[in-house]
Structure formats: structure tokens, C-alpha cells
Amino acid sequence: ETGVTQSPTHLIKTRGQQVTLRCSSQSGHNTVSWYQQALGQGPQFIFQYYREEENGRGNFPPRFSGLQFPNYSSELNVNALELDDSALYLCASSWTGEGEQYFGPGTRLTVT
Amino acid sequence: AQSVTQPDIHITVSEGASLELRCNYSYGATPYLFWYVQSPGQGLQLLLKYFSGDTLVQGIKGFEAEFKRSQSSFNLRKPSVHWSDAAEYFCAVGAENSGTYKYIFGTGTRLKVLA
């Protein structure tokens with residue numbers, strides 16, 4: 001059974017650019033949640049995807065968007081990058097979103 | 001509002017000493033509760049979880065946690081700390097809000113272990 005994988009591992013972008021982060025969910029899981037962990041903070045919920053539709057969103061602006069594909073993998077897109085977007089982005093998969101979510105290793109984004 | 005509080009930002013203990021990390025939550029229903037550990041530059045590793053049943057939960061690496069509904073707490077304990085336990089620890093509650101189930105994390109407790 002393959003766990004949750006994320007790519008890339010690290011990424012450096014310039015303010016104003018756009019970035020796409022990718023997540024492959026664990027086998028058998030149909031729900032993907034994305035979290036942002038800023039330095040020195042706990043992870044914060046960005047949004048969740050279920051059956052290729054956004055199923056709930058945290059307090060993040062619309063320039064944070066996502067997709068879920070038929071194989072349940074997911075993308076997180078961030079437009080017009082700001083310095084405060086520098087963080088570890090964690091993807092978590094689960095079955096229907098309840099109970100335990102299984103986290104990937106994260107993508108560390110640095111915005112300069 | 002749903003929230004998780006970890007009152008201790010930093011804790012320092014000597015190797016071999018006992019450890020207790022505090023976690024309090026605010027959630028109207030019966031919560032799903034979790035403890036994660038994170039080493040510098042790494043992702044989250046699940047230590048233990050509580051869904052229902054026995055309120056004393058055993059986890060990996062010799063950790064345990066006790067769910068106390070009356071106190072809205074889920075404190076993490078270890079009888080004898082090892083130097084390799086130095087890391088950041090996060091408590092989380094699985095919460096449903098408007099049909100979306102998500103984790104709410106505390107701000108973390110950074111553990112330092114003295115040799």
C-alpha cells in the first residue's frame with residue numbers, strides 16, 4: 001500500500017509568481033485535504049476535495065485554489081505569491097474525510 | 001468556536017525524566033483526538049489517536065495520552081524521555097463544521113531534552 005506522496009519536496013519562487021503543488025493520495029482514499037504550516041505554527045486547514053469538488057474551505061483567499069482528479073490525486077495552486085505564503089504545505093488523504101487523515105511529507109515553499 | 005490550546009510553547013526536561021504535554025480542546029461533540037510529532041524540517045508523524053472507548057491510549061515510542069472529557073483535555077505523557085524525543089509536538093482535534101471534517105491543530109510545544 002503506497003502512502004501519501006507530495007511533489008516537489010522544496011520550491012523557491014519569487015513574489016508575484018504562481019505555483020502548483022501536487023499530492024497523490026493513499027490507495028483507497030477519495031478525499032484530500034490541504035494544510036499550510038507557517039514557521040513556528042501549527043498546520044492550518046486550507047481546503048478539502050471530495051469527488052473532484054471543493055468540500056469546505058478555511059480562511060484563505062481565492063488565490064489559493066485546487067483540483068482533484070478522477071484518480072483522487074490533487075493539486076494546490078497559489079497565484080500572486082506573497083512573502084507570507086512561505087510555509088510547509090501538507091496534503092492529507094482519507095476515506096470520505098472522517099476519522100484519521102494520512103499526511104504526506106510536505107512541500108516546503110519559499111517565496112523571495 | 002472549535003479550537004485546540006497547547007499552553008506550553010517550550011518545555012525542557014532532562015533525559016530519563018518523565019514528560020507531560022498539555023492539550024485542551026473546545027468542541028461540542030465527542031472529538032477525535034490526535035498527537036503528532038515533527039522533527040525539524042520534517043513532516044508530521046502520528047504518535048497516537050483517540051476515537052472512542054478506553055480513555056487511556058497507547059502510542060508509538062512509549063507515549064500515551066489520556067482523554068478527560070470533564071476537563072476537555074488530552075495530555076500526552078512519557079515516563080522516561082530519551083534525547084531523540086526532542087522535537088515539536090502538536091495536538092489536533094478532528095472536527096466537523098458545515099459538512100466538512102478537518103483537523104484543528106494547536107500551536108505546538110517544542111521539547112528540549114538535556115543530556
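Each chain gets a letter, A, B and so on, in the order its sequence line appears, and its residues count up from 1.
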* Asked: Can A:Val78 be reached from A:Leu88 by stepping across I, L, V, M, F, W or Y side chains whose heavy atoms are under 4.5 Å apart?
  -> no
* In terms of hydrophobic clustering (I, L, V, M, F, W, Y; side-chain heavy atoms under 4.5 Å; direct or indirect links), are B:Leu21 and B:Ile9 co-clustered? -> no
Identify the heavy atoms of [X] and [Y] that sit nearest to each other, and give their distance.
X	Y	result
A:Ala87	A:Gln36	CB-CG, 3.6 Å
A:Ser74	A:Val32	CB-CG1, 3.7 Å
A:Glu52	A:Pro70	OE2-CA, 3.6 Å
A:Glu54	A:Phe47	OE1-CD2, 4.1 Å

* Working for side-chain contact (heavy atoms from CB on, under 4.5 Å), residues A:Cys23 and A:Trp34 -> CA-CA 9 Å; A:Cys23 171; A:Trp34 285 92; 3.5 Å; yes
* To do: Indicate yes or no for a side-chain donor-acceptor contact from A:Ser86 to the backbone of A:Val111 under 3.5 Å, with no hydrogens or angles considered.
  => yes
* **Side chain B:Tyr103, main chain A:Gln101, donor-acceptor under 3.5 Å** => yes
* Asked: Quick one: what part of B:Thr107 sits under 4.5 Å from any heavy atom of chain A, side chain, backbone, both or neither?
  -> both
* Structure fact -> Turns out that what part of B:Gln6 lies under 4.5 Å from chain A's heavy atoms comes down to neither
* **Contact leader toward chain B among A:Arg57, A:Gln37, A:Arg108, where contacts are heavy-atom pairs under 4.5 Å** => A:Gln37
Donor-acceptor list for residues 8-17 of chain A side chains, cut-off 3.5 Å, not counting sequence neighbours:
unit_1	atom_1	unit_2	atom_2	d
A:Gln17	OE1	A:Thr14	N	2.8

* To do: Taking side chain to side chain contact (heavy atoms under 4.5 Å, CB included) as the test, write out the residues that go with A:Pro61, two or more places apart.
  => A:Arg63, A:Phe64
* Asked: Considering heavy atoms only, which positions within residues 34-58 of chain B lie below 4.5 Å of chain A?
  -> B:Phe34, B:Tyr36, B:Gln38, B:Gly41, B:Gln42, B:Gly43, B:Leu44, B:Leu46, B:Lys49, B:Phe51
* Heavy-atom contacts under 4.5 Å, residues 59-94 of chain B to chain A -> B:Phe90
* Would you call the rings of A:Tyr102 and A:His29 parallel, tilted or perpendicular if under 30° counts as parallel and over 60° as perpendicular? -> tilted
* Tell me, side chain or backbone of A:Pro105 under 4.5 Å from chain B's heavy atoms, or both, or neither? -> backbone
* To do: Heavy-atom distances under 4.5 Å only: say whether A:Gln6 touches chain B with side chain, backbone, both or neither.
  => neither
